[in-house]
Asker: 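The structure under discussion is supplied below as structure tokens; questions concerning it will follow.
Side chains are part of it too, since the values below use all heavy atoms of this structure and drop only hydrogens, waters and symmetry mates. Throughout, a chain's letter reflects where its sequence line sits, starting with A, and its residues are numbered from 1.
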Amino acid sequence: MSEAHYNHRFIEHKWQQTWRDTNLYQVENKSAKPAYYVLDMFPYPSGAGLHVGHPLGYIASDIVSRYKRHNGFNVLHPMGYDAFGLPAEQYAIQTGQHPATTTEENINRYRQQMDRIGFSYDWSREVRTCEPSYYKWTQWIFMQLFSHWFNANTNRAEHIDNLVAIFENEGNVNVKHAGDDVESFIAEEWLNFNAAEKEGILQNYRLAFIKETTVNWCEELGTVLANEEVKDGVSERGGYPVVKKPMKQWFLRITAYAQRLLDGLDTIDWSDSIKEIQRNWIGRSEGASVNFAITNDAQQRSLEIFTTRPDTIFGATFMVVAPEHDWVEDLITNEYKEETSAYVEWAKNRSERERMSEVKKVTGAFTGSYCTHPFTGKQIPIWVADYVLGGYGTGAIMAVPAHDSRDHAFAKKFDLDIVQVIENSDANVQEESFDAKEGTSMNSDFLDGLEVKDAIKKAIDFIETKKLGYGTINYKLRDAGFGRQRYWGEPIPVVFENGIPKLISDSELPLTLPDVENYKPTGTGESPLAAVDSWVNTESGVRETDTMPGWAGSSWYFLRYMDPTNDQAIASKDAINYWGAVDFYLGGSEHATGHLLYSRFWTKFLHDINVIPFDEPFKKLVNQGMIQGVVETLYLKKEKTDGKNHFVSADKVENADDYTEIPVHVDYVTDYVKTDAPSYLNLEGIRSFQDFRDGYDDAIFECSNGKFIDGFFEGNEGAVEPIFYTHSAIGKMSKRWFNVVNPDDICEEYGADTLRLYEMFLGPLEDSKPWSISGIDGVYRFLKKTWKLFIDKDGNFVPTNDRPAEKKSLKTLHATIKKVGDDIQRISLNTCVSTFMIAVNEFTEQKCTNKEVLEQFLIVLAPFAPHICEELWERAGHADSIAKANWPIFEEKHLVEDSKNYPISINGKTRTNLELSLSLSKDQIEEAVLADDEVQKWLDGKSPKKVIVVPGRIVNLVV
RNA sequence: GCCCGGAUGGUGGAAUUGGUAGACACGCAGGACUUAAAAUCCUGUGGCCAUUGCGGCCGUGCCGGUUCGACCCCGGCUCCGGGUACCA
């Protein structure tokens with residue numbers, strides 16, 4: 001017995017089951033078909049489950065996957081979980097539950113939710129970064145990084161053994177590498193170094209290495225954080241304060257790849273904004289490194305500075321070093337010892353947050369030392385100030401107050417000389433610096449009269465000939481901190497033998513996480529693993545107890561999907577060669593400077609060591625926008641009455657400090673969809689508010705319309721409903737704002753096909769937009785109309801091939817095939833939905849019952865609404881899944897049936913559009929068009945319904 | 001501050017990149033069916049004027065420019081979103 005009405009629950013359940021039972025979407029690593037790889041950024045399985053924002057990208061990628069399958073591609077479309085990370089561990093600390101347990105639970109929940117939406121993932125390829133069989137290979141990649149260095153001569157990673165061989169033969173004088181400067185030594189010296197000394201030197205070359213530096217230390221989380229994990233001086237997760245602290249840390253030498261990461265951007269199809277963010281993050285700047293000899297230095301040293309403006313060197317009136325500069329203490333003379341040393345101490349110990357919030361504040365101190373200007377020989381003072389950063393360039397600058405606003409502010413504050421060296425009629429450099437990179441040099445000896453660009457070139461030439469320095473390039477990009485003092489991450493496969501870090505052997509992989517009693521960080525800067533003596537102590541030495549950061553596992557997961565169970569390699573060569581780089585990658589833009597950069601780095605490295613044939617992981621990247629929620633806030637002013645809590649709501653908040661801002665459950669807010677009406681909580685809302693929140697049970701509420709309500713509302717429900725005004729804003733969808741919309745609820749009420757279509761219909765994929773339920777009815781109605789095209793009210797299948805298709809129906813069909821095909825390719829999925837709606841409206845109006853036409857329409861719709869299309873496809877008598885059907889062939893001839901474009905000839909002479917519009921009026925053109933022989937022949941006696949005349953454009957006639 | 005985006009009806013958004021602006025949908029108004037409601041269907045819907053008829057004028061944040069023709073290109077603003085922040 002077939003259903004007569006569109007029953008989404010029945011249909012969707014049936015087909016999801018069928019797809020699973022028949023492994024419909026499982027793919028092989030081999031096929032005569034061309035390969036196409038569609039990937040979603042895999043989720044971190046949080047305890048909150050999915051909300052309607054998460055599937056947005058998954059739906060889009062699913063549509064692309066299904067579309068590609070219809071077009072004859074063998075599509076790899078996998079899904080997995082980024083399962084290591086802080087929240088699971090925080091939860092473990094609170095509850096004592098093993099993170100693996102909660103992670104497993106969360107994954108199951110995610111899977112259930114995803115299954116309801118009808119994705120075409122090949123679940124046989126699922127990966128989880130926390131599984132030993134997976135992180136074995138994350139550890140393996142780390143080991144490769146440890147045993148390779150970056151040869152700047154060949155511009156690629158090479159094995160460390162090759163480097164050692166070079167050292168043994170000729171020392172390090174000819175070696176150019178990416179990394180910190182290493183004092184030069186000859187072969188003989190190398191051979192005489194002891195093991196610890198040798199390793200100490202090699203650490204400057206390895207791509208994974210240990211270094212003592214100032215790190216971002218977060219006391220609350222008990223761990224070190226990477227730069228990207230710190231936002232505005234607080235941790236991205238949790239928002240805890242972050243301070244600078246010197247510690248020995250593992251790093252990955254991503255800076256070695258700075259230039260290649262920059263160059264690679266030109267070869268990939270990503271949005272300009274993401275590329276731009278990465279370019280800025282890498283922050284390449286060209287300039288010069290110049291030595292300024294320090295006057296009266298016992299060791300006769302020179303202060304090395306970096307500048308992008310060597311052309312302004314004649315304007316350098318003082319020097320500034322960072323408080324962290326190695327020589328600061330040496331530079332401070334006895335006379336200034338007390339004051340300046342105190343300043344240095346103070347500046348070093350300031351938290352990141354303080355430093356950031358007081359950026360505008362100019363601070364500094366004079367060291368008492370001078371150095372000699374290399375061009376003029378003048379003595380210029382050396383200052384120390386925190387506006388110079390220890391971590392960039394050499395941690396020292398030449399200050400040119402006339403042409404750098406920061407130097408200018410400093411000079412003003414401490415009354416230092418300002419010398420103009422770039423000509424500009426408008427600028428008064430005593431008042432304001434002239435920073436623009438334009439103009440001609442003045443007061444600059446041999447540079448005078450040159451344009452900035454030429455002056456820079458000439459200055460560098462001079463610097464290089466006089467051996468004062470050299471032209472060079474600096475990057476903002478820093479090496480990536482890789483150690484985390486946490487439990488729930490991949491153990492770093494290193495054992496310290498007599499303090500020398502050594503990799504464990506390949507056969508010991510995976511190095512699995514031991515069980516611990518307590519997941520809490522030790523607070524001493526050591527991870528919880530340090531407490532497990534039996535694990536830490538090995539025959540040969542002590543294990544590294546730091547674990548890897550969250551981004552380690554996600555930097556290469558796209559490779560594992562190709563061959564997820566391989567235990568001999570990250571994936572077989574055949575699999576990697578067959579699938580190649582990801583063709584289409586979809587995910588949020590928030591990973592621009594994290595995951596997306598690290599993945600590119602690891603890909604380039606794996607390419608260098610011949611593990612993979614490509615050196616960019618993601619050929620095309622699309623960033624879906626965020627689906628936001630409406631955040632409703634109730635403002636309550638607390639007033640004391642008789643020791644009870646007495647709250648007053650407000651319709652206008654003049655001084656926010658007087659009020660408590662409390663997020664409230666969106667479901668109980670009235671009118672929040674309408675923008676013109678103020679939104680408010682009604683009685684029911686206040687009740688639910690009291691249920692959800694502690695401490696308000698016996699509170700007294702006074703709403704702004706003057707009505708008093710007691711804690712239980714009894715007897716207070718008068719004719720006038722009390723109103724508590726709330727304030728609406730658009731924000732994140734999150735548990736704490738009580739505005740989460742669960743996709744399960746939408747699937748239950750409207751169905752997965754409606755959810756899929758509606759999420760696409762909301763607007764352009766890349767835009768962020770607030771979730772709103774208004775409008776979903778339109779999409780649901782569309783599916784019901786589609787159903788009715790095929791199934792009559794008695795449940796009979798209507799379409800037949802008894803009569804040939806009408807021209808107008810063919811036109812509708814082919815317009816749809818064309819438009820939807822084009823729009824999927826340019827990822828304009830919202831317009832596809834409109835196209836479907838138009839088609840169904842037209843088919844309905846045409847009373848189209850042609851089976852061939854309607855079946856082809858089903859194939860076009862199937863990527864968006866697979867369940868209903870499968871069902872109708874089956875009822876049409878097909879034994880095989882619609883997923884195996886070929887995309888219909890588009891035929892242009894069907895589109896030109898009742899309207900046609902014509903060039904216009906007048907008096908036997910074809911006129912150009914331009915000539916026409918210039919010489920004739922609109923009416924005259926219309927007349928000429930109708931008189932045209934071709935037009936008359938085509939009209940064949942009929943009179944045109946509409947003559948559209950656009951001056952300058954080919955005329956369009958509608959009959 | 002600097003670097004990217006963006007601004008179109010009451011709302012979400014179309015206009016395939018210089019060629020009929022406002023597709024499609026929501027909302028709203030009116031109507032049909034119904035005892036009634038739901039569901040469904042039909043009509044109207046940028047603004048102003050004309051509406052016994054075809055119609056007219058203005059309209060894509062603001063000002064100016066290029067063009068036969070501009071939401072689209074150029075110059076100058078205003079506002080909004082994102083990235084970044086003493087990077088020399």
Asker: Quantified in whole Å, what is the C1' atom distance between nucleotide B/C73 and nucleotide B/G69?
Answerer: 13 Å

Asker: A/Lys275 has an atom NZ; how far is it from atom C1' of B/G5, in whole Å?
Answerer: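 The answer, rounded to whole Å, is 16 Å.
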
Asker: Please state the C1' separation for the pair B/G9 and B/A21 - nearest whole angstrom.
Answerer: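 About 11 Å, rounded to a whole number of Å.
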
Asker: Which whole number of Å gives the distance between the C1' atom of B/U35 and that of B/C28?
Answerer: 28 Å

Asker: Is the phosphate of B/A88 approached by A/Tyr392 (side-chain N or O, under 4.0 Å from OP1 or OP2)?
Answerer: yes

Asker: Let me know the distance between CZ of A/Phe410 and C1' of B/A88, rounded to the nearest Å.
Answerer: 14 Å

Asker: Which value, in whole Å, describes the distance between the P atoms of nucleotides B/G64 and B/U52?
Answerer: 38 Å

Asker: Whole angstroms only, please: what is the CD1-C1' distance between A/Ile313 and B/A88?
Answerer: 13 Å

Asker: What is the distance, rounded to the nearest whole Å, between atom CD1 of A/Ile282 and atom P of B/G83?
Answerer: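 Rounded to whole Å, this separation is 18 Å.
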
Asker: Please check if any side-chain donor atom of A/Glu766 sits under 3.5 Å from a side-chain acceptor atom of A/Ser271, or the reverse.
Answerer: no

Asker: Using the C1' atoms only, state how far B/A14 lies from B/C71, rounded to an integer number of Å.
Answerer: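 About 12 Å, rounded to a whole number of Å.
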
Asker: Using a cut-off of 4.0 Å on non-hydrogen atoms, how would the nucleic acid contact of A/Ser405 be classed: base, sugar-phosphate, or nothing?
Answerer: nothing

Asker: If you measure from the P atom in B/G10 to the same atom in B/A36, how many Å do you get, rounded?
Answerer: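 One P to the other, the span is 36 Å.
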
Asker: Could you check whether A/Ile277 gets within reach of a base, just the sugar-phosphate, or nothing at all, counting any heavy atom under 4.0 Å?
Answerer: sugar-phosphate

Asker: Do A/Asp266 and A/Arg279 sit within salt-bridge range, that is, some charged N less than 4.0 Å from a carboxylate O?
Answerer: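 Yes, A/Asp266 and A/Arg279 are salt-bridged.
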
Asker: For A/Thr363 and for A/Lys769, locate the closest nucleotide of RNA chain B by heavy-atom distance; then report the residue assigned to the nucleotide nearer the 5' terminus.
Answerer: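 Residue closer to the 5' terminus by nearest nucleotide: A/Lys769.
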
Asker: Give me syn or anti for B/U17, where syn covers glycosidic angles within 90 degrees of 0.
Answerer: syn

Asker: When the nearest nucleotide of RNA chain B is assigned to A/Gly283 and to A/Asn280 on a heavy-atom basis, which residue is associated with the more 5' position?
Answerer: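 It is A/Asn280 whose nearest nucleotide is closer to the 5' end.
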
Asker: Measure across A/Ala411 and A/Ile418 and return the closest heavy-atom pair with its distance rounded to 0.1 Å.
Answerer: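 Distance-wise, the nearest heavy atoms are CB-CG1, 4.1 Å.
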
Asker: Between B/A25 and B/G81, how far apart are the two P atoms, rounded to whole Å?
Answerer: 32 Å

Asker: When you compare the side chain of A/His8 with that of A/Leu755, does any pair of heavy atoms fall below 4.5 Å?
Answerer: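 No, their side chains stay 4.5 Å or more apart.
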
Asker: Could I get a table of every N or O pair under 3.5 Å where one atom is in the protein and the other is in nucleotides 22-27 of chain B?
Answerer:
from  : atom 1 : to       : atom 2 : distance (Å)
B/A23 : N1     : A/Ser834 : OG     : 3.4
B/A25 : OP1    : A/Asn841 : ND2    : 3.2
B/C26 : OP1    : A/Arg781 : NH1    : 2.4

Asker: Which heavy-atom pair separates A/Ile422 from A/Ser441 by the least distance, and what is that distance?
Answerer: CD1-OG, 4.2 Å

Asker: Parallel, tilted or perpendicular for A/Tyr392 and A/Phe306, by the 30°/60° rule?
Answerer: perpendicular

Asker: Could you tell me how the ring of A/His591 sits relative to the ring of A/His595: parallel (under 30°), tilted (30 to 60°) or perpendicular (over 60°)?
Answerer: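 The rings of A/His591 and A/His595 stand perpendicular, inter-plane angle above 60°.
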
Asker: Tell me: CG of A/Asp822 to C1' of B/U17, nearest whole Å?
Answerer: 14 Å

Asker: Kindly say whether A/Phe864 contributes a backbone atom to a donor-acceptor pair with the side chain of A/Arg756 at under 3.5 angstrom?
Answerer: yes

Asker: For A/Asn623 and B/G83, give me the distance from atom CG to atom P, rounded to whole Å.
Answerer: 12 Å

Asker: What does A/Lys784 touch in the nucleic acid at a heavy-atom separation under 4.0 angstrom: a base, only the sugar-phosphate, or nothing?
Answerer: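 Touches sugar-phosphate only.
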
Asker: Report the secondary structure of RNA chain B in dot-bracket form, marking unpaired bases with a dot and bases paired to a different strand with |, and treating Watson-Crick or G-U pairs with both distances under 3.5 Å as paired.
Answerer: (((((((..(((......[....)))((((((.......))))))((((.....))))..(((((..]....))))))))))))....

Asker: To the nearest Å, how far apart are A/Tyr750 OH and B/A39 P?
Answerer: 10 Å

Asker: Between C1' on B/G13 and CG on A/Asp767, what's the gap in Å once rounded to a whole number?
Answerer: 10 Å

Asker: Taking atom C1' in both B/C33 and B/C42, compute the distance separating them and give it to the nearest angstrom.
Answerer: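 One C1' to the other, the span is 11 Å.
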
Asker: Going by the angle between their ring planes, with limits at 30° and 60°, are A/Trp787 and A/Tyr6 parallel, tilted or perpendicular?
Answerer: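 Rings of A/Trp787 and A/Tyr6: tilted, as their planes differ by 30° to 60°.
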
Asker: Students often mix this up, so state it plainly: with edges at 30° and 60°, are the rings of A/Phe414 and A/Phe410 parallel, tilted or perpendicular?
Answerer: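 Tilted: the ring planes of A/Phe414 and A/Phe410 meet at 30° to 60°.
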
Asker: In terms of the angle between their ring planes, are A/Phe761 and A/Tyr758 parallel, tilted or perpendicular, with boundaries placed at 30° and 60°?
Answerer: tilted

Asker: Does B/G9 fall in syn (glycosidic angle within 90° of 0) or anti?
Answerer: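 Chi for B/G9 falls in the syn range.
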
